[in-house]
Number of protein chains: 2
Amino acid sequence: MGSTLHDVARIAGVSIKTVSNVVNNYPHVRPSTREKVLSAIEELDYRPNLSARGLRSGRTGVIGLAIPELRQNYFAELADSIIRAADAHGVGVVIDQTSATREGELAVLSGERLRLTDGVLFSPERLGQDDVNLLNVGFPLVLLGERIFGGPTDHVTMRNVESARAATEHLIGIGRRRIAVIGAHPVNQDDIRSANLRVRGYREALDAAGLPYDTTLVRTAAPWHRENGAVAMRRLLEDGVDFDALFTLNDTLGLGALRALGEAGVRVPDDVAVIGFDNIDESRFSVPSMSSVDPGRDEIARVAVDTLLSRIHEKGEPAPPRQILADYRIVGRESTGFSEPIEAEPPRPSPPWRNPLAVERVTRGPGARRAAPRNRASARRADALRSAHVTTLADGRHKRG
Amino acid sequence: MGSTLHDVARIAGVSIKTVSNVVNNYPHVRPSTREKVLSAIEELDYRPNLSARGLRSGRTGVIGLAIPELRQNYFAELADSIIRAADAHGVGVVIDQTSATREGELAVLSGERLRLTDGVLFSPERLGQDDVNLLNVGFPLVLLGERIFGGPTDHVTMRNVESARAATEHLIGIGRRRIAVIGAHPVNQDDIRSANLRVRGYREALDAAGLPYDTTLVRTAAPWHRENGAVAMRRLLEDGVDFDALFTLNDTLGLGALRALGEAGVRVPDDVAVIGFDNIDESRFSVPSMSSVDPGRDEIARVAVDTLLSRIHEKGEPAPPRQILADYRIVGRESTGFSEPIEAEPPRPSPPWRNPLAVERVTRGPGARRAAPRNRASARRADALRSAHVTTLADGRHKRG
DNA sequence: TTGAAAGCGCTAACAT
DNA sequence: ATGTTAGCGCTTTCAA
């Protein structure tokens, strides 16, 4: 099997502590010693045993991501972003699929499925506001999504009301007046879910424009899958309701609705303009391409990972839970009369080089806090997080339709 | 923090060895003793420390899945299936995104990114046949996909030639004679990649039907992204080539092509029938819904995980590398004149109950091989794998257009 | 069938 | 700036 610290120490002629210091980027090592150790590491192709490190340090260098299902595009893209963000810290990601069952989500919180992880990013789909107390768990947990608010954990989410309002204003801005909605929540209670928040934003936009709120235009659909978008649109058409625009509360519903509109021979955007929510990749390639609200997924991923890691490394009294809101932007495409050229996505920069052997260390010694190596942008972000209970991400991207 | 084996042993009034035996389902424990231990475990809410277990046993209970990008639907769905398959064994999955770079894929093989995993499922997208020797790595590795054949590792893949032939026959079967292809590989060498294999199947079908092979109908496109499918289709239309059907070498290309056909006012399937390859979820919901080749992804996932786990647990002389081929089926939808009702997917059965504390153990003691607890189907499958160098999955699903 | 004890490879506390 | 040592929680001999 692989070689150990002892082997390296023997070859390099130093103690294992010195080797450990080099491996962990401890600064006070004489350059010549470091050289000797590094070449011994190279010679032996040494790799630290992460189980041993985890056993000793109490940390594994892996975080969990609990989501309903990877086959929902939104979550696949979220997972992609989160894996990239974690990778930039040298942290791995284990994905736990809850299959969108209450049972699966409870299992996440019970810690039963927590395998070798230092903390968990959790995006529930079944648990709701009533379950807020279940979030009191014995491990670092960062909540994602809009199912539960005001809980005991950090929470990274998006500006549902404002961005839904902006989406509606985007439709009003191109002259539409009878704007249908698909994806409202069936029940009137439970005012916290993203459906209700987004409908609220829709109403605000109507009110501000002096347009009436017509309940025949607001259609329920759950869950937010393509087929339900298609079914709701067929009903809307069958009912003979007059409308010239559609706001679907997520992109998947919108793609289903586009399909039903196509089947019915309704022209988009000529007869009906359509905008969705989430800005999944697929929306760029539908026929017609679909406008959407970009909720800032990459930013959400970065902040969620940063937040979780800072909790994992937190010493002393835990800071109060924070809610962090991502900024958003409206992406106009063909379905609302805009056009975006179909082209390859810009290449993603690869993460900066990092010591593949090193484990992230944030503080050193009592009192003397020392920031972990990180770039300026993330340092600024973390500082912002520390300064307020509710924080907004990178500004300047906020743009009203 | 959590309680340990010692705590449980103290409460139960037994030694830690006994507790360990219970936790690991070791059979020779007196029922009364087992009861005592179980209730102590319950009382303390004991959970084994997986780092310690990993350190001692040399296994972590986690496997790696190296894929290009989760935001490609195909890989998100593959990852979904693999996570479910691993979960049924109580094994976690860490996802390593190579970002479809050669660099990232080499890093997988170097083991540098291997974090706390017992083995790796690797689906390369950049490495090719020339890199076959790089697959000689020091850890259990199972190869997926069609980039490299005949390597030193187990390889789970699909019947590219046969299924592409069946797809083409599906088009011929509905009366089409001028069948275009999108997605061929630009270079003529390198006869191994899935593009060439699938084109070969296409040619075989033409030959068998007595149809000519017309190179003006065979279009290159790489990589297999939506935009390239759209671009290739636009070219095909601009060139004024006569064709009445299209076979795209994956679904994503097909969806792009559908978009371009829609833009050009070409009716599908009336003017041009279309079939893709991969059967991603999205193809069920395009306008029109797209026929496809289902390469048996769930089966591939199950077998890949089974194979990797059996390698991980393998004792003694390693068995020779195996190639395992999944079976396929043709799914006819609107784009070839068939219709499939849009409805929710059948619910997936949840995995059977398993001891959440137990670690998978396959053999016990030298010589005396004892099968791990598993169901009959997977036992049968594993037996089949052992019996032949090339094996076919569950039969009876094979179906020609 | 159960117990006792060694030690996996590493980090952290302490010593020098 | 570097060395020594204890022990993280578990599995695995070996013994009883």
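The chains referred to below are lettered A, B, ... by the order of the sequence lines, with proteins before strands, and numbering in each begins at 1.
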Within this structure, what is the [atom1]-to-[atom2] distance between [X] and [N], rounded to whole angstrom?
X       : N      : atom1 : atom2 : value
B:Tyr26 : C:dT1  : OH    : P     : 8 Å
A:Ile16 : C:dA12 : CD1   : P     : 12 Å
A:Leu44 : C:dG9  : CG    : C1'   : 15 Å
B:Arg59 : D:dC10 : CZ    : P     : 17 Å
B:Asn49 : C:dC8  : CG    : P     : 18 Å

With sequence neighbours left out, write down each residue that passes side chain to side chain donor-acceptor pair (under 3.5 Å) with [X], or none if nothing qualifies.
X        : value
A:Asp45  : A:Arg47
B:Ser51  : none
B:Asp7   : B:Arg10
A:Arg311 : A:Asp154, A:Glu314

[X] side-chain N/O to [N] phosphate OP1/OP2 under 4.0 Å:
X       : N      : answer
B:Thr4  : D:dC8  : no
A:Tyr46 : C:dC10 : yes
B:Ser20 : D:dT11 : yes
B:Ser51 : D:dC10 : no
B:Asn24 : D:dT11 : yes
A:Thr18 : D:dA1  : no

Nearest-nucleotide pick for [X], side chain only, options being [options]:
X       : options              : value
B:Arg30 : D:dT2, C:dC10, C:dT1 : C:dT1
B:His28 : C:dG9, D:dC10, C:dT1 : C:dT1
A:Ser15 : D:dT2, C:dT11, C:dG3 : D:dT2
A:Leu55 : D:dT11, D:dG9, D:dA1 : D:dG9

Are the side chain of [X] and the backbone N or O of [Y] linked by a donor-acceptor pair below 3.5 Å?
X       : Y        : result
B:Ser99 : B:Thr101 : no
B:Asn49 : B:Ala52  : yes
A:Glu69 : B:Asp80  : no

Donor + acceptor pair across side chains of B:His28, B:Asn21 (<3.5 Å) | no

Across all chains, not counting sequence neighbours, the side chain to side chain contact (heavy atoms under 4.5 Å, CB included) partners of A:Ser123 are A:Ile67, A:Phe75, A:Leu144

Partners meeting side chain to side chain contact (heavy atoms under 4.5 Å, CB included) with B:Ser15 (sequence neighbours left out) | B:Lys17, B:Thr18

More 5' along DNA chain C: B:Val29 or B:Ala52, using each one's nearest nucleotide?
-> B:Val29

Establish whether the base of C:dG9 is bridged to the side chain of A:Arg53 by a donor-acceptor pair shorter than 3.5 Å.
-> no

Indicate, yes or no, whether a donor-acceptor pair under 3.5 Å links the base of D:dG7 to the side chain of A:Arg56.
-> yes

Salt bridge (Lys or Arg N to Asp or Glu O under 4.0 Å) partners for [X], two or more places apart:
X       : answer
A:Arg30 : none
B:Asp96 : B:Arg113
B:Arg34 : none

Of the residues in residues 5-14 of chain B, which ones touch DNA chain D at a heavy-atom distance under 4.0 Å?
-> B:Leu5

Can you check nucleotides 14-16 of chain C for protein contacts, nitrogen or oxygen pairs under 3.5 Å, and list what you find?
none

Using rotation axes that map the C1' atoms of four end pairs onto the next four (five pairs an end), what angle separates the end axes of the helix from C:dT1-D:dA16 to C:dT16-D:dA1, to 10°?
-> 30°

